[in-house]
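Have a look at the structure below, then the notes.
A note on names: the letters A, B, ... follow the listed sequences, proteins ahead of strands, and every chain is numbered from 1. These numbers come from the heavy atoms of this one structure, side chains and all, not from hydrogens, waters or symmetry mates.
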2 protein chains.
Amino acid sequence: MTTAAAIYQQLHAAIISLELQPGMPLQEKVLAEEFGVSRTPVREALLRLAEAGLVEIFPQSGTFVSRIPLSAIPEAVVIRKSLERTTVERAAQVAAAEDIARLDAIIARQRAHASLSDASLFYAEDEAFHEAISAIAGYPGIWTLVKTVKLQIDRARRLTLPVPGRMATVTEEHTAIRDAIAAHDVKSACEAMMRHLGAVIPDVTALRQHHPDYFA
Amino acid sequence: MTTAAAIYQQLHAAIISLELQPGMPLQEKVLAEEFGVSRTPVREALLRLAEAGLVEIFPQSGTFVSRIPLSAIPEAVVIRKSLERTTVERAAQVAAAEDIARLDAIIARQRAHASLSDASLFYAEDEAFHEAISAIAGYPGIWTLVKTVKLQIDRARRLTLPVPGRMATVTEEHTAIRDAIAAHDVKSACEAMMRHLGAVIPDVTALRQHHPDYFA
DNA sequence: GCGTCGAAATTGATATACTAGTATGACAAA
DNA sequence: TTTGTCATACTAGTATATCAATTTCGACGC
C-alpha cells in the first residue's frame, strides 16, 4: 500500500473515532512532520478526506476536521434506509441456506461480544451483518455506498451516551431480520430492517447542547 | 477554481463523452505537458477520477481510462431506481404549485430541444428534471449520489445507437411523472419513474460485440 | 472605536530528483 | 520451440526546495 493510502486510513479512523475533534485544524506541514513524510502524500490523503466530507480545505487559509453537518443527517438516514430496503428485500428473495448460516455466524459472534461488552468488536460485526445482506442480495456495491453515506451519522452517534442494553436490542433486531430473510418473507424483512435503522437516529437536539462547537 | 479542479472537469467530460476511449493510457507527464502545468495538479485530478472509477491507476506501472464495468451496470441501475423511487415518492407528497411550475418549465425546454434534435441540451434538461425532483423532495444530496452512480451507465449508453423518437418518449415519460407528482399520487408517480428508469438500460450483449475492448 | 496597511501563515503550484515497482525484450538454457 | 533469467526502460510514488496567491490577524494611525 502507498504511504498516502496509509495516512488516509489513519486520519480517517481518527476522525471517525472523534480522536480528532470536529473543527480542529490540520496543517499539511505539521502532519507531514508527525508522520515523517513529505507534504505530497499528506496532501493526497487530505484531498481524499475532503471528498468524503471528513475534512474541509479552505484554500490559502487552512484545513480543518469537518464539523458534523447535522442538517445532512436526516437525508443520510433516508438514503441508507432506501438502499438497505433494496438489499434486504432482494436478499429475502434469493437467500440460500449457506447465506443464512453466514448471518447466523455473525449474530453468534455479536452475542459473544455483547456479553463481554466489547463495543468495538460488536460494532465491527454489526457492519459485517449489513455487508453480508448486501452481498447475499448480489449487490455488494450498495454496502460500499452505504458506508460512505453513514460516515457522519456514525460520528454523531459516537457523541451519544452508550445506552445500557443497546447491544442486546441490536442483536434482537438483527435476529428478526435474519428470520424474515430465512423465511423468504420480503415484507417483514423490510419492516424489520426499517425498525432497525429507524432506531439508530441520534438525538440531534441533545447533542447540540452538549457539544455545540462540534456541529455545523 | 484551482488548476487541478479544471483539469479534473476536462478529463471527466472527455471520458464521459468517450472522447478518451476506455483502455487508453494516460501519462501524468504527457498530460502535464499538454495542459501546460506541472505533474502535481494532474496527479490530483487523476486521483479524483480514480475514486470516481473513471480511470485506473496501477502504481509504478501506468494509468488508463477505465473500461466500462458491464457487470456493475445492473447494480448501478438498481441503486438509481432505489434512490429515485425515494425522491419521487417524497416529491409527490410535498410538491407545491411552484415546484410543479419548475418541472413544467424544464419539460417545455426539453420539448423545444427535442424538436430541434439538440441531443446535448436535451440531455442537460433530462438531468435537470431528475435533479429538480430530488430538490423538491428535500433531498438534494440524493441527486449528487445518483450522478456518481450513473456515470458508467451513461458511458455505456453513449455507445448505443441513437433511437429515433427517443427524445419524444423520454419527454412523455417525464410528463407522466410530473402529472403524478402534481396529483400527489405517490403510487403512480413511483410507477412512472420505474417505467422511465427501466427503459434506459443499455443492451449489454450488443455493445460487447461492437466494442469488445471497451468493457471489463 | 474603526479602518487601513502589512507581516505572517497556509495552501496551491512548480521544478527537480530519486526510489521502487512493472513491463518488455533480448538472450541463454533446456 | 519453450522456458527462465537478466538488463533495460518506463511509470507512478515520494522527497525537497521554492515561489505564488490568498487569507488571517494584529499593529498602527486616525
Side-chain angles (χ1 to χ4, degrees), chain A residues 1-15 19-67 69 212-216, chain B residues 1-15 19-67 69 212-216:
Chain A
M1 196 196 312
T2 66
T3 311
I7 293 173
Y8 171 83
Q9 283 192 349
Q10 285 195 44
L11 290 178
H12 187 280
I15 293 173
E19 186 184 328
L20 292 175
Q21 301 174 5
M24 176 183 286
L26 293 177
Q27 291 184 27
E28 293 179 358
K29 195 180 169 186
V30 173
L31 289 174
E33 288 170 1
E34 286 179 1
F35 285 106
V37 299
S38 73
R39 269 179 66 195
T40 309
V42 172
R43 266 187 72 77
E44 288 185 7
L46 289 178
L47 286 168
R48 285 183 60 191
L49 289 168
E51 275 194 274
L54 293 181
V55 308
E56 282 178 310
I57 300 177
F58 299 95
Q60 280 74 46
S61 172
T63 300
F64 305 86
V65 178
S66 71
R67 297 176 197 279
D213 50 348
Y214 277 15
F215 301 102
Chain B
M1 194 198 314
T2 66
T3 311
I7 293 174
Y8 171 83
Q9 284 193 350
Q10 285 195 44
L11 290 178
H12 188 278
I15 293 172
E19 186 184 329
L20 291 176
Q21 301 175 4
M24 176 184 287
L26 293 177
Q27 292 185 25
E28 292 181 358
K29 194 178 168 188
V30 173
L31 289 174
E33 288 170 1
E34 284 179 3
F35 284 107
V37 299
S38 72
R39 270 179 65 197
T40 308
V42 172
R43 264 188 72 77
E44 290 182 5
L46 289 177
L47 286 168
R48 285 184 59 192
L49 289 168
E51 275 193 274
L54 294 181
V55 309
E56 283 179 309
I57 301 176
F58 300 94
Q60 278 75 45
S61 172
T63 301
F64 305 87
V65 177
S66 71
R67 298 176 197 277
D213 49 349
Y214 277 15
F215 301 102

ask   = Hey, is CD on Glu19(A) packed in by over 12 heavy atoms from elsewhere, all under 6.0 Å?
value = no
key: Leu11(A) and Val65(A), any side-chain heavy atoms less than 4.5 Å apart   = no
key: Exercise: identify the closest heavy-atom pair between Ser66(B) and Gly53(B)   = OG-O, 2.8 Å
ask   = With respect to the phosphate group of dA12(D), does any side-chain polar atom (N or O) of Thr63(B) fall under 4.0 Å of OP1 or OP2?
value = yes
request  = Would you mind telling me which of dA12(D), dT14(C), dG12(C) lies closest to the side-chain atoms of Arg39(A)?
outcome  = dG12(C)
query = Under 4.0 angstrom, heavy atoms only, what part of the nucleic acid is Thr40(A) near: base, sugar-phosphate, or nothing?
reply = base
ask   = Do the non-hydrogen side-chain atoms of Leu47(B) and Leu47(A) ever get within less than 4.5 Å of each other?
value = no
query = Would you say His12(A) and Arg48(A) make side-chain contact, with heavy atoms under 4.5 Å?
reply = no
Short side-chain N/O contact from Thr3(A) to OP1 or OP2 of dT14(D), under 4.0 Å = yes
key: Flag side-chain contact, heavy atom, 4.5 Å: Val42(B) against Lys29(B)   = no
inquiry  = If you define the side chain from C-beta out and look only at heavy atoms, does anything of Tyr8(B) sit under 4.5 Å from Leu54(B)?
reply    = no
ask   = Is the shortest heavy-atom distance from the side chain of Leu31(A) to the side chain of Glu34(A) under 4.5 Å?
value = yes
task = Figure out the CZ/P separation between Phe64(A) and dA9(C), and round it to whole Å.
result = 15 Å
note = So, with a heavy-atom separation below 4.0 Å from DNA chain C, the residues of residues 54-62 of chain B are Pro59(B), Gln60(B), Ser61(B)
request  = Please answer whether the main-chain N or O of Ala32(B) pairs with a side-chain N or O of Arg39(B) as donor and acceptor at a distance below 3.5 Å.
outcome  = no
task = Calculate the interatomic distance between Met1(B) atom CE and dT22(D) atom P; express it in whole Å.
result = 14 Å
Interatomic distance where CD belongs to Glu44(B) and P belongs to dG12(C) [whole Å] = 7 Å
task = Take atom OH of Tyr8(A) and atom C1' of dG13(D), then tell me their distance rounded to the nearest Å.
result = 19 Å
key: Strand contacts (DNA chain D) in residues 19-31 of chain A, 4.0 angstrom heavy-atom criterion   = none
ask   = For Arg43(A) and dA13(C), what is the distance between atoms CZ and P respectively, to the nearest whole Å?
value = 7 Å
task = Specify the separation, in whole Å, of atom CG of Leu47(B) and atom P of dG12(C).
result = 14 Å
